[in-house]
**Student:** 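First the structure, then my questions, so here it is.
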Amino acid sequence: MPGSRPPALPAYFDFLIAAYRSGHAGRHVHLGYWDDPPPLSAPVRPGEFEAAQSRLTERMVAFAEKRSGQIVLDVGCGLGGTLSALNEAHTDTSLVGLNIDRRQLDICRSIVPRAGNRLSLVEADACSLPFDFGVFDVVFAVEAMFHFPARRRFLAEAARVLRRGGVLLVTDILVRCPTGPTPWPVEAMQAVIRRDYGPWPDLFVAGADLVSMAQESGLEATIDEDWSQATLPTYRVVSPDPLPERQERPDAGAVFRWLHTHGFLTYRMLGFLSGG
Ligand SMILES: C[S@@+](CC[C@H](N)C(=O)[O-])C[C@H]1O[C@@H](n2cnc3c(N)ncnc32)[C@H](O)[C@@H]1O
């Protein structure tokens, strides 16, 4: 729309990009996945978090069929963790990474396509995908949808660019408005999440809402897994205070730790089949 502002970039990426460039962070920008989740009180072993992040990516990539000649899109591709894993697992595949942040795409450029793969990187908004109808076999959005201007618009766009029988694979963080006593006012929690982890336009969304929004666009939910317990040990690294509720001025990590441990935050993995 003429005059409308481009979507905001997540501010926390300034830090992550610097950490990646100085060799202090890898390509994955998402929670870890533990097959056998340790308690939150367990000490973190060196390399454990990075291995758990790779495991989450590996689990996502495993949902995509390995057929040569496929065209795969990763929306909100971050620093290229999923693209890199797809490049290792697939052959003769066209990989397309999309992001609104050119700096992240520049980091993805160092991925060297192997075994007949091709890689292209596109700067665009997830809610306005610059592709024709029915181009892709698989579309990924790993831990990114909550940032997009509207999940509903992204789901409609993903449905439009997928071929009939194509697959959309996503993970999403779903927050439920807390009920009962909370350590901080709900409005303050929302403000802190938006300040530290924003943009996050629609904060309170249920899994059922996602499924019905996708259905409206002709996407049928075929995979629906709750990864909340498997991802919970992440807070041992990103928000290690065992009693975040003691903090008078929490950051979003502390708020998330409290919401996740109290069942108000779920980490959901969903797969959809395109009937369009
Ligand atoms: C939490 S990171 C996840 C990155 C990556 N998928 C991963 O798992 O490592 C969210 C990503 O979504 C991207 N993003 C945010 N808003 C976007 C938008 N409107 N369109 C496209 N990408 C967007 C961010 O720049 C960032 O790369």
Side-chain angles (χ1 to χ4, degrees), residues 1 4-20 25-33 49-64 72-87 95-111 121-131 138-158 161 168-175 193-194 196-203 227 231 234 237-238 252-253 256 265 267-270:
M1 274 198 300
S4 65
R5 273 209 236 137
L9 302 181
Y12 64 87
F13 261 94
D14 294 352
F15 163 80
L16 287 171
I17 288 169
Y20 178 83
R27 287 192 187 273
H28 299 297
V29 185
H30 54 65
L31 274 58
Y33 183 103
F49 178 50
E50 293 71 17
Q53 287 184 301
S54 297
R55 177 69 182 132
L56 188 142
T57 307
E58 184 186 53
R59 288 224 55 200
M60 286 302 287
V61 166
F63 284 110
V72 179
L73 172 66
D74 183 19
V75 182
C77 60
L79 307 180
T82 304
L83 291 171
S84 208
L86 285 163
N87 185 39
L95 300 171
V96 182
L98 180 138
N99 212 305
I100 37 157
D101 186 351
R102 188 176 305 167
R103 299 166 307 165
Q104 296 178 50
L105 295 170
D106 285 342
I107 288 175
C108 295
R109 270 178 233 294
S110 61
I111 298 169
L121 298 162
V122 177
E123 185 182 341
D125 173 18
C127 292
S128 182
L129 297 175
F131 307 111
V138 187
V139 174
F140 282 93
V142 182
E143 229 175 282
M145 269 168 67
F146 44 77
H147 281 322
F148 301 163
R151 285 176 174 94
R152 188 190 301 275
R153 279 204 339 254
F154 165 66
L155 290 166
E157 279 294 82
V161 302
L168 170 66
L169 297 165
V170 305
T171 65
D172 201 1
I173 293 176
L174 301 172
V175 181
I193 293 171
R194 291 207 162 102
D196 295 350
Y197 289 168
W200 203 304
D202 308 317
L203 189 56
W227 289 3
T231 52
T234 301
V237 180
V238 301
F256 262 29
L265 183 157
Y267 193 99
R268 198 82 164 249
M269 188 276 148
L270 288 149

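Predicted model, so just to flag it, every value in this text is computed and none were measured. Whatever order the structure lists ligands and atoms in, that order sets their numbers, starting from 1.
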**Student:** Checking the side chain of S110 only, and the main-chain atoms of I107 only, is there a donor and an acceptor separated by less than 3.5 Å?
**Tutor:**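 Indeed, once roles are kept as given, a pair shorter than 3.5 Å links the two residues.
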**Student:** Considering only NZ, NE, NH1 and NH2 on the basic side and carboxylate oxygens on the acidic side, decide whether D106 and R109 come within less than 4.0 Å.
**Tutor:**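 R109 and D106: salt-bridged.
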**Student:** Without swapping roles, check the side chain of T234 against the backbone of T231 for a donor-acceptor pair under 3.5 Å.
**Tutor:**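 Present.
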**Student:** Working note: Y197 + F146, criterion ring-ring contact (aromatic ring centres under 6.0 Å, His included); need CA distance, chi angles, decisive distance, verdict.
**Tutor:** CA-CA 10 Å; Y197 289 168; F146 44 77; 8.6 Å; no
**Student:** Need the list: ligand 1 N/O atoms against protein N/O atoms, distance under 3.5 Å, rounded to one decimal.
**Tutor:**
from, atom 1, to, atom 2, distance (Å)
ligand 1, 6 (N), G76, O, 2.8
ligand 1, 6 (N), V142, O, 2.9
ligand 1, 9 (O), V29, N, 2.8
ligand 1, 19 (N), D125, OD1, 2.9
ligand 1, 20 (N), A126, N, 2.9
ligand 1, 25 (O), N99, OD1, 2.8
ligand 1, 25 (O), Q104, NE2, 2.9
ligand 1, 27 (O), G78, N, 3.2
ligand 1, 27 (O), N99, ND2, 2.9
ligand 1, 27 (O), Q104, OE1, 2.6

**Student:** Going by an N to O cut-off under 4.0 Å, is there a salt bridge joining D202 and R152?
**Tutor:**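 Salt bridge absent between D202 and R152.
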**Student:** Looking at W227, Y267, F49, which one forms a ring pair (Phe, Tyr, Trp, His ring centres under 6.0 Å) with Y33?
**Tutor:**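 Only match with Y33 under ring pair (Phe, Tyr, Trp, His ring centres under 6.0 Å): W227.
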